[in-house]
There are 2 protein chains.
Amino acid sequence: MAGLRERQKQDRQKRILEEARALILEQGYEATTIEGIAAAAGLSGVTVHNYYGTKAGVLLAIVAESDRKLLEKMGAALSRDIDDLLELLLSFATIIRHHAVTNLNKPIWRQVVAATIVDPDSRFAKTYHELDHKLSMVLVREVERLQEAGRVSADISAIAVGKGLFHLQNTRFIQFVSLDDMTEEKADETLRRDVSALLHALPCRGSRGG
Amino acid sequence: MAGLRERQKQDRQKRILEEARALILEQGYEATTIEGIAAAAGLSGVTVHNYYGTKAGVLLAIVAESDRKLLEKMGAALSRDIDDLLELLLSFATIIRHHAVTNLNKPIWRQVVAATIVDPDSRFAKTYHELDHKLSMVLVREVERLQEAGRVSADISAIAVGKGLFHLQNTRFIQFVSLDDMTEEKADETLRRDVSALLHALPCRGSRGG
DNA sequence: GACAAATTTTTAGTTCAATAAAAATTTTTA
DNA sequence: TAAAAATTTTTATTGAACTAAAAATTTGTC
């Protein structure tokens, strides 16, 4: 039956996120006030606080929603044909980066990242990190696939490789959103350089002990 | 001659940073107010604003000072005996991590990282990133040394390897300060796993084309 | 020591996040 | 439809960052 009251609550919450998203994109995060969001949604500021606790809570709720979509798409979007570890990660990173800039913008992403760092125990930061984890596990599974295809050493933990790559991608993502004039292409290059260098850093030789 | 006025100004700035550091360590960043810092330093709040612009500006000035010391030490502290890339990075990371927790604490570092991300163009964030860059170049030079010793492929850019490693270290540093119950030892392990996995991810074989 | 210049402090105000408690409204239930 | 329950809004406050402009102080110069 889903209770009328419950439905209206969800409707209000949805309205808050929609209006907040529009306002933040329009005016920027800092210029957007809770009262402004509330007014746009036809509610009182206190109600917004009731639902999301803080201004950062509203922001992270917006992101959580868009990230759920990203996760859904990621599984399908990562082409199963890629049989190279480097190209796999670059493809993975491109999808994330592209999703990020089409849904929000760089200054807002900076606020998102900052908010999850300053208060990592908040309810919203936790769901953000959960999604991050799920995203990294998509990568891990792809690494496992490459291991089966013999393109990645079978005696190295797929989780370690996947997470390591994910972290590199993550740092470069933060750098990407921190530099307003860095294009997606340039970000792609820097990540390629990092990963390629690390994958080939050690001189290749037989397993003779040193 | 250095002008009396100039000397007093520097004295005041120094006092602000000292008192701010003490207060922030004692009460936490958010609980510490500009007025509180000003009172402790025997100045007015407006004066603190005049010198450092914002509360985050004060925080980043504190960090910049302590990071200068880190940079000085890093060159000397990185043992010249290390001839393994993985051990080199772990040693590098340990020095940074240890410096971080002995000078400030995790919640404060979270604020530092967040502040440099939200406003990457601020004067203080720039000096922070400059120091980061210099730090990464220390690593790059060590990689060059390992290349000369034949421990790292000579045909891979030392800058790429050094920066790549630095970024991995950086992500794990952020994770370290984000998790209050992560010990330095555990952080060391996770970084070791990442780097080791990436360095050995590709199956070793001759340069037969695919 | 008096005057000019520079700096700091005082004063006053704005804005906004966040919180608390009472009042009003809406929804459910009988 | 009336009473009860739950939720939202109103009202009111607090606390703090940040800003602007005038007043006071300190410093350097003659």
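Residue numbers start from 1 in every chain, and the chains themselves are labelled A, B, ... in the order their sequence lines are given, proteins ahead of strands.
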Spacing between [X] atom [atom1] and [N] atom [atom2], to the nearest angstrom:
X     : N      : atom1 : atom2 : value
B:K9  : C:dT8  : NZ    : P     : 6 Å
B:L59 : D:dA17 : CG    : P     : 13 Å
B:D11 : C:dT7  : CG    : C1'   : 15 Å
A:I34 : C:dA17 : CD1   : P     : 6 Å
B:Q27 : D:dG15 : CD    : C1'   : 14 Å
A:I16 : D:dT7  : CD1   : C1'   : 13 Å
B:N50 : D:dA20 : CG    : C1'   : 11 Å
B:Y29 : D:dA16 : OH    : P     : 14 Å

Who pairs with D:dA24 - Watson-Crick or G-U, where each distance is under 3.5 Å: C:dT7
Would you mind pulling out the nucleotide paired to C:dA30, Watson-Crick or G-U wobble, both distances under 3.5 Å?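 Looking at the geometry, C:dA30 pairs with D:dT1.
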Of the listed nucleotides ([options]), which one gets closest to any side-chain atom of [X]?
X     : options                : answer
B:T54 : C:dA18, D:dC18, D:dA17 : D:dC18
A:K55 : C:dA18, D:dT7, D:dC18  : C:dA18
A:H49 : C:dT19, C:dT8, D:dT19  : C:dT19

Within the 4.0 Å heavy-atom criterion, would you say B:T33 contacts the bases, only the backbone, or no part of the nucleic acid?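 The answer is sugar-phosphate, as B:T33 gets under 4.0 Å only of primed atoms, P, OP1 or OP2.
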What do the steps show when you test A:E142 against A:R145 for salt bridge (Lys or Arg N to Asp or Glu O under 4.0 Å), and what is the final call? CA-CA 5 Å; A:E142 292 296 310; A:R145 191 174 54 76; 2.8 Å; yes
Donor-acceptor pair between B:Q10 and B:R7 side chains, under 3.5 angstrom: no
Closest to the 5' end of DNA chain C, once A:V46 and A:E35 are matched to their nearest nucleotides, is A:E35
Should the pair B:W109 and B:F173 be assigned to parallel (<30°), tilted (30 to 60°) or perpendicular (>60°) ring geometry?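 Geometry flag for B:F173 against B:W109: perpendicular rings.
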B:Y29 backbone acceptor or donor facing B:K55 side chain under 3.5 Å: yes
As an exercise, state the distance from CG of B:D188 to NE2 of B:H98, rounded to the nearest 0.5 Å.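 Here the rounded value is 12.0 Å.
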